[in-house]
Amino acid sequence: MKTLKIASIPGDGIGKEVVPASIDVLKTIADVHGGLKFEFVDFPWSCEYYLEHGTMIPEDGLKRLTDFDGIFLGAVGNPKLVADHISLWGLLIKIRREFEQTINLRPAKGMRGIQSPLLNPKDFDIMVVRENSEGEYSSVGGTIYQGEDEIAIQNAVFSRKATERAMRFAFDLSTKRKKHVTSATKSNGIVYSMPFWDKVFKDVSKEYPEIKTESQHIDALAAFFVTKPHRFDVIVASNLFGDILTDIGAAIMGSIGIAPAANINVNGKYPSMFEPVHGSAPDIEGKGIANPIGQIWTAKMMLDHFGEEELGAKLLDCIENVTGAGYLTPDLGGNSTTSDVTIAIINQLKTI
Ligand code: NAD
Ligand code: IPM
Ligand code: MN
């Protein structure tokens with residue numbers, strides 16, 4: 001029997017709705033599968049926790065997470081209670097950084113029964129490899145002067161190590177897919193980091209002569225995501241470009257509520273963290289209508305990560321059977337609830 005110890009952090013807003021729903025799904029998979037067991041431990045770290053304790057996680061919080069095989073996170077952020085830069089850097093980004101989760105892997109694909117806003121979407125199935133540790137999200141900078149002369153300086157940091165690592169991850173992934181990697185660049189406008197990015201891309205691509213490559217400027221790439229998503233397979237992007245591109249990916253799938261993600265620790269030193277692309281959606285919190293598919297598909301990425309690819313594929317198939325049968329939450333134009341969709345997926349799983 002394989003037992004996976006998972007730390008669950010529902011976080012804020014709809015995280016507290018979609019994480020328990022996904023845990024029910026994972027428990028069903030374990031029951032159906034037989035050889036797999038999950039042990040979940042819940043951590044209440046959130047903006048409410050911050051109001052009570054003055055910190056997003058306890059001092060030994062990260063240490064407590066290291067013993068887990070994986071971290072299953074909902075979403076962080078309640079700007080009405082705590083400023084985003086405090087809550088996100090105190091929990092989500094802290095875990096990504098401290099646990100060296102240097103890759104953020106984010107798929108976008110056409111789904112059965114879900115209408116894409118694209119007029120005639122051809123089959124698209126994209127995997128964005130987002131560099132997750134530096135780039136535009138560096139904490140190098142500061143503010144100088146005061147008053148009307150005040151200036152904020154934000155530096156973007158691109159190291160060869162992290163850039164190569166993201167690119168190798170993308171190339172390795174593409175060997176199992178369509179053998180095509182697109183680099184998101186902006187070397188026409190950004191004079192240091194992006195020419196460097198292009199140079200590293202060229203260097204790494206030489207190690208993979210069988211993989212076709214192309215570079216696209218991020219602005220054009222964003223447009224092609226909308227007009228010709230089927231042209232792409234694996235895309236490697238810097239932290240910010242990858243962040244923006246994957247929200248576009250979510251939008252062309254049909255809703256940000258269905259887009260999954262995995263923050264991967266490549267060196268195996270720390271647990272990886274699985275959290276969907278969407279945030280805490282304060283506007284629909286407590287209404288019971290949050291789409292649980294982003295979080296459930298994220299659970300599929302967690303299964304894949306632990307070598308349970310067959311189960312992962314079955315789970316995605318069950319999700320698509322459910323969307324194909326018309327169980328859609330309001331963000332997809334339907335009137336199903338979070339629990340309708342979750343129960344339908346659980347019922348599907350029982351038939352596999
Ligand atoms: P958001 O993703 O929370 O919401 C954007 C829009 O998408 C909203 O209209 C929301 O209702 C909708 N939406 C999102 N997820 C949905 C779902 N599962 N089902 C149905 N509709 C869904 O983005 P935002 O409004 O920019 O951010 C809200 C808070 O979440 C902020 O504090 C932000 O910083 C935080 N945030 C956290 C994460 C994370 O923890 N990974 C990611 C993004 C944003
Ligand atoms: C995401 C989010 C985060 C990011 C925010 C909340 C800091 O948008 O996970 O995509 O930019 O990485
Ligand atoms: Mn984002």
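Every number for a ligand or one of its atoms is a count from 1 in the order of the listing. Values below: every heavy atom of this structure, side chains too, minus hydrogens, waters and symmetry copies. Numbers for residues simply follow the sequence, beginning at 1.
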Can an N or O of R96 be found at a distance shorter than 3.5 Å from an N or O of ligand 1?
no

Could you state the interatomic distance from CD (E59) to CZ (R64), rounded to the nearest 0.5 Å?
12.0 Å

Ligand 1-proximal atoms of L88, by part, heavy-atom distance under 4.0 Å:
side chain

Reported CD-to-CG distance for the pair E309 and L303, which is rounded to 0.5 angstrom
10.0 Å

Once you measure the plane-to-plane angle for F68 and F43, does it fall in the parallel (<30°), tilted (30-60°) or perpendicular (>60°) bin?
perpendicular

Have a look at P282, G279, G11, C47 and point out the one with the heavy atom closest to atom 28 (C) of ligand 1.
P282

Would K186 and D219 count as a salt bridge (Lys or Arg N to Asp or Glu O under 4.0 Å) here? Give the steps.
CA-CA 8 Å; K186 188 64 199 176; D219 45 356; 2.9 Å; yes

Interfacing atoms of ligand 1 (cut-off 4.0 Å, heavy-atom, P79):
32 (O)

CD of E48: more than 12 outside heavy atoms within 6.0 angstrom?
no

Counting only heavy atoms not in Q154 (residues, nucleotides, ligands), do more than 12 fall under 6.0 Å from its CD?
yes

Close side-chain approach of L81 to Y50, heavy-atom, < 4.5 Å:
no

Can you confirm whether the side chains of N291 and T329 place a donor and an acceptor under 3.5 Å from each other?
yes

Salt-bridged, D203 to R160, with N to O below 4.0 Å?
yes

Which atoms of ligand 1 sit under 4.0 Å from any heavy atom of G77?
32 (O)

For atom 35 (C) of ligand 1, which candidate among I284, V76, N78 provides the closest heavy atom?
V76

For atom 19 (N) of ligand 1, what is the closest protein heavy atom, and at what distance to 0.1 Å?
N291 N, 2.8 Å

Is atom 5 (C) of ligand 1 close to the protein, meaning a heavy atom under 4.0 Å from it?
no

Contact atoms of ligand 2, heavy-atom distance to R106 under 4.0 Å
1 (C), 9 (O), 10 (O)

Under 4.0 Å from a heavy atom of I93: give me the atoms of ligand 2 that qualify, with their elements.
7 (C)

Heavy-atom proximity to atom 7 (O) of ligand 1, best of I256, T338, L81
I256

Report yes or no: is the cationic atom of R231 (NZ for Lys, CZ for Arg) under 6.0 Å from the centre of the six-membered ring of F224, at an angle within 45° of the ring normal?
yes

To check your reading of the model: name the closest protein heavy atom to atom 9 (O) of ligand 2, its residue, and the distance in Å.
R96 NH2, 2.7 Å

Looking at the Mn ion (ligand 3), which N/O/S atom of D243 is the nearest one?
OD1

Would you say G294 touches ligand 1, if touching means a heavy atom closer than 4.0 Å?
no

Tell me the protein heavy atom at minimum distance from atom 10 (O) of ligand 2, and give that distance in Å.
D243 OD1, 2.8 Å

Relative to the heavy atoms of V277, which atoms of ligand 1 are at a distance of less than 4.0 Å?
42 (C)

Can a protein heavy atom be found under 4.0 Å away from atom 9 (O) of ligand 1?
yes

Distance from K300 atom NZ to I29 atom CD1, nearest 0.5 Å?
10.5 Å

For the pair F274 and F306, name the ring-plane relationship: parallel under 30°, tilted 30 to 60°, perpendicular over 60°.
tilted

Contact between H85 and ligand 2, counting heavy atoms under 4.0 Å?
no

Heavy atoms only: give me the nearest C47-N78 pair and the separation to one decimal.
SG-N, 3.4 Å

List ligand 1 atoms under 4.0 Å from L92, heavy atoms only on the residue side.
39 (C), 40 (O), 41 (N)

So the atoms of ligand 2 within less than 4.0 Å of a heavy atom of Y137 turn out to be 4 (C), 11 (O), 12 (O)

Numbered atoms and elements of ligand 2 in range of L88, under 4.0 angstrom, heavy atoms:
6 (C), 7 (C)

Give the single entry among D243, I289, D84 that approaches atom 31 (C) of ligand 1 most closely by any heavy atom.
D84

Do me a favour and list the nearest non-hydrogen protein atom to atom 29 (C) of ligand 1 with residue, atom name and distance?
S280 OG, 3.2 Å

Using a strict threshold of under 4.0 Å (side-chain N to carboxylate O), is an ion pair present between D125 and R177?
yes

Where is the nearest protein heavy atom to atom 41 (N) of ligand 1: which residue, which atom, and how far?
E275 OE1, 2.7 Å

Ligand 2 contact by E136, heavy-atom criterion under 4.0 angstrom:
no

Within a distance under 4.0 Å of any heavy atom of I14, pick out the atoms of ligand 1 and give their elements.
15 (N), 16 (C), 17 (C), 18 (N)

Identify, by atom number and element, the atoms of ligand 1 in contact range of A290, meaning under 4.0 Å from any of its heavy atoms.
19 (N)

For ligand 1, find out whether one of its N or O atoms is nearer than 3.5 Å to an N or O atom of D283.
yes

Mind checking whether A281 has an N or O less than 3.5 Å away from an N or O of ligand 1?
yes

Step by step, work out the side chain to side chain donor-acceptor pair (under 3.5 Å) result for N263 and E275.
CA-CA 8 Å; N263 299 270; E275 40 128 13; 2.9 Å; yes

Is E134 paired with K161 through a side-chain N to carboxylate O contact shorter than 4.0 Å?
no

Any salt bridge linking K2 with E308? Criterion: basic side-chain nitrogen under 4.0 Å from a carboxylate oxygen.
yes

Considering the heavy atoms of A75, write down every atom of ligand 1 situated less than 4.0 Å from one of them.
40 (O)

Polar side chain donor-acceptor pair, Y208 to D172, under 3.5 angstrom:
yes

With a 4.0 Å cut-off, strictly under, does atom 24 (P) of ligand 1 pick up any protein heavy atom?
no

